[in-house]
Every structure is written in structure tokens, then in C-alpha cells.
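The structure presented is a predicted model; accordingly, all values stated were derived computationally and were not measured.
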Amino acid sequence: MKKSVFLGALTVAGLAAGASAAATLDDVKARGTLNCGVSTGLTGFSAPDANGVWQGFDVAFCRALAAAVLGDPNAVEFVPTTGQTRFTALSSNEIDVLARNTTWTFSRDNDLKFEFAGVNYYDGQGFIVPRELGVASAMELDGATVCIQTGTTTELNLADFFRVNDMEYEPVPIETNAEAQQQYLAGACDAYTTDASGLAATRATFENPEDHVILPEIISKEPLGPLVRHGDPEWGDIVRWTLQALIAAEEYGVTSANIEQMASEAGDNAEVNRLLGTEGELGAMIGLDSDWAQRAIAAGGNYGEIFENNIGESSPVGLARGLNAQYSNGGLIYALPFR
């Protein structure tokens, strides 16, 4: 009898939690704004500009999602989070989605009860050092002091790298990228380690970027992407397929410049027609109207446009597409079928 009561209580609790989680889309619509968790400031990915307006690769995704769901790319409340606070903000419903250079791992997906909507940037952990240190390889960092953000996968990767290579290091724990930059430039550590994209973004803000070297070694796999809470499949589908819409748009040649024409003059490519809602009923399957993907793409362009405008080779961050090129160009970016 006690066992039955106990299981019954768990069932009721589970149903209550599921009901609460499943309300995300309704909550966003009722609120009229999307609460999007971002970093506390990482150039090219998510940072406020001189006028306090948030800009960046992750910010652009948040705006695309707001456009898809609410019809307005500016209907977003950006919530800065650190490596330590980001998961609490998501699990406590403070934010609806986390778009903050976060690595998809087994434990985050299962133990922390989050759902990753996909990978929007394939990355790996690296090191940056002052050029004057004369270090050309991470294998020369034995005995170094290393600035490391707490609450991140980089902590574990760093320990693994030094252990495997039988080297010693002294960690200098920091909480935000801004603090890491300050400590590193002040000489509090010999090296700073984080995702290679983050190193490039950080170096772009230095007064003399050429005085700092990003070492060639990549010591981990860091598939980064937006995530939501478990238990709300409808909301998860909306976030997932908004990302896929941006990726597919680049693959099919749909841009922010030609999307209106392509939507008004439905062509022979049925996949494009379904993406843009001029054929089929895909929007209704995820609780949105037929033009949701059009709005998402028009907000800041397709995946390639967002990449180039914020972190690409012509931007201050200066990242090549590399693994983040479309699969047809040798990369890993591959849109799921819209059918």
C-alpha cells in the first residue's frame, strides 16, 4: 500500500511538472516577449552594442525565434547568464531558451534534464597566450597558470588534457569572459582556455590582438547549440525547427534579400515551398502559422548570413566557416528535410 501511494505521488508530481513545462509557448505568447538566456558579453556571439542593443550570432537566433513565434524579432528580453547561472535560469523558468555557446553533453541532456535543439556551431577548446611568452604549442604549458571559467566543460577538458599529457598546471578560476579577459591581460595567468571561437572573439576586443597567439591544439569537441527544458516537446520542436529553417534557407539559396520574392512566386522546388509555407501545412504541426519560417529567416538572414555578419571572416572575430560550412562545402552543417 505504501509503495502504491508513493508511486501515485510521483505520478501526480510528474504530471504537474509536465503540465508546467508544456506551458512555454502559451507563456511566451501571453507575455508577448521571448526570454532568451545569453552570455554576459562575448563579442560576435552575444553582447550589447554602444547603444545597449544586443547583437551577435546567438542573439540573431533569439530574434529569429521571436519572429517565428511572436511575429516580431525585437520582442526579446535578453537575460545575461554566466557558466554557473545559465542552467538554473533555464530550469527555474526565468528564461524560455538558452542560446549561450553551450556544449551538448550526455549529462546536460539527461542528468540536468535539458533538451538541445541542435548544433549551431561546431567548436573545440583551445588556448590563448601572450606572444611574448614564446609558447608555440599547448604541450609547452607544463607548470603554467591557466584562467578557466567555472561551471563549464572546459574545466573538465583542461584537467583531462594535462593529466593525459603528464603535465601540471595551476587553475585561476573566473566566472565570466569579461573577468577572464581582465585577469589574462593583467598577467594573472599565463594562458586562457575556452572554446576556440570564444578565444577569437575575446582577442578581437584586445587593443593589440596581434600580441596574442591562439595555440594550434584543439583539445575537445564542443558542439554548441540552443537548449530548452525537458517535458515540453511542442516548444522543443519550435526551437529545433527554427534553427533548421535558418540552415535550410542557406542550403536552398533563400536570403533576407530575396525571401519576399521567393515566397510570392512559388517555384518548382517543393522543399522551398514547404519551408516558406506556400505549400503544405508544416506550421500547423508545431502550433504556428504558415509564415513562421519566413519571419525567422527575414529577421536576420539565413544561417550563412548570420554567421558572416557576426563572426565570419569579414567581421572583427574573423572566423572561417570550417566545420560550420554547409555539408556540400565540406562542413557539418546539414538541414533536416522539410517534408
Side-chain angles (χ1 to χ4, degrees), residues 6 9-42 45-46 54 56 58-59 61-66 68-70 75-121 123 148-157 173-177 194-195 198 222-243 286-287:
F6 175 70
L10 284 180
T11 301
V12 172
L15 290 173
S20 175
T24 306
L25 177 59
D26 293 338
D27 287 347
V28 171
K29 287 183 174 180
R31 192 191 309 128
T33 57
L34 172 75
N35 291 337
C36 190
V38 292
S39 72
T40 53
L42 183 62
F45 285 88
S46 54
W54 283 86
D58 291 327
V59 166
F61 175 74
C62 296
R63 295 196 189 283
L65 183 58
V69 175
L70 299 171
V76 185
E77 181 72 27
F78 292 101
V79 180
T81 64
T82 69
Q84 295 278 30
T85 65
R86 55 184 165 172
F87 299 131
T88 300
L90 182 58
S91 62
S92 67
N93 292 356
E94 182 183 352
I95 57 177
D96 306 306
V97 60
L98 179 63
R100 183 201 178 280
N101 52 300
T102 298
T103 303
W104 189 346
T105 70
F106 184 97
S107 58
R108 289 172 176 177
D109 198 328
N110 296 284
D111 189 39
L112 296 185
K113 303 303 181 186
F114 295 130
E115 179 179 338
F116 281 78
V119 178
N120 67 354
Y121 192 94
D123 210 346
I148 177 76
Q149 289 191 56
T150 55
T152 64
T153 57
T154 53
E155 276 188 294
L156 303 176
N157 296 334
I174 45 89
E175 188 169 353
T176 67
N177 186 67
T194 190
D195 297 341
E222 305 294 330
L224 311 178
L227 58 155
V228 297
R229 290 175 291 277
H230 266 325
D232 191 344
E234 182 181 38
W235 181 245
D237 286 342
I238 290 170
V239 177
R240 177 179 302 105
W241 285 98
T242 297
L243 173 59
I286 56 174

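- To the nearest 0.5 Å, atoms CD1 (Ile95) and CZ (Arg100) are separated by 10.0 Å.
- Exactly one of Val119, Thr102, Thr103 qualifies for a side-chain contact (heavy atoms from CB on, under 4.5 Å) with Leu224. That residue is Thr103.
- The minimum heavy-atom distance linking Gly118 with Trp104 is given by the pair CA-CZ3, 3.9 Å.
- Contact check for Ser46 versus Phe61: no side-chain heavy atoms found under the 4.5 Å cut-off.
- Thr154 and Thr194 are not linked by any side-chain donor-acceptor pair at a separation below 3.5 angstrom, with hydrogens and angles left out of the test.
- Using bins of under 30°, 30° to 60° and over 60° for the plane-to-plane angle, the ring pair Tyr121/Phe45 lands in the perpendicular bin.
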Inset, instruction - Determine, step by step, whether Ser91 and Leu112 satisfy the side-chain contact (heavy atoms from CB on, under 4.5 Å) criterion, reporting the C-alpha distance in whole Å, the side-chain angles of both residues, the deciding distance to 0.1 Å, and the verdict. - result: CA-CA 9 Å; Ser91 62; Leu112 296 185; over 6 Å; no

Inset, instruction - Applying side chain to side chain donor-acceptor pair (under 3.5 Å), run through Thr82 and Thr40 and close with a yes or a no. - result: CA-CA 6 Å; Thr82 69; Thr40 53; over 6 Å; no

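- Minimum interatomic distance between Glu155 and Gln149 (heavy atoms only, all atoms of both residues): CG-O, 3.5 Å.
- Residue Asp96 holds its CG atom at 7.5 Å from OG1 of Thr33, rounded to the nearest 0.5 Å.
- The structure places CD1 of Ile286 at 9.0 Å from CH2 of Trp241, a figure rounded to the nearest 0.5 Å.
- By the 4.5 Å heavy-atom criterion applied to side chains, Trp235 and Arg229 are not counted as neighbours.
- Across every non-hydrogen atom of Thr150 and Gln84, the tightest pair is OG1-NE2, 3.2 Å.
- Each of Thr153, Thr105, Asn101 was scored for a side-chain hydrogen bond (donor to acceptor under 3.5 Å, both in side chains) with Glu222, with one residue passing: Thr153.
- Leu90 contributes atom CG, which lies 11.5 Å from atom OG1 of Thr85 (distance to the nearest 0.5 angstrom).
- You'll find the side chain of Leu98 reaches within 4.5 Å of the side chain of Thr81, heavy atoms only.
- In terms of heavy atoms, Gly83 sits closest to Thr152 at CA-CG2, 4.4 Å.
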Inset, instruction - Could you check Arg63 against Phe78 for side-chain contact (heavy atoms from CB on, under 4.5 Å), going step by step and ending with a plain yes or no? - result: CA-CA 10 Å; Arg63 295 196 189 283; Phe78 292 101; 3.6 Å; yes

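- With salt bridges taken as basic N to acidic carboxylate O contacts below 4.0 Å, one links Arg240 and Asp237.
- The shortest heavy-atom contact between Cys62 and Val38 is SG-CG1, 4.3 Å.
- The minimum heavy-atom distance between Asp232 and Leu25, with the atom names listed, is OD2-N, 4.5 Å.
- Between the OG1 atom in Thr24 and the CD atom in Glu234 there is a gap of 9.5 Å [rounded to 0.5 Å].
- Atoms CG and OG1, from Leu65 and Thr242 in turn, are 5.0 Å apart once rounded to the nearest 0.5 Å.
- With a 6.0 Å radius and a threshold of 12 heavy atoms from other residues, nucleotides or ligands, Glu77 has its CD atom at or below the threshold.
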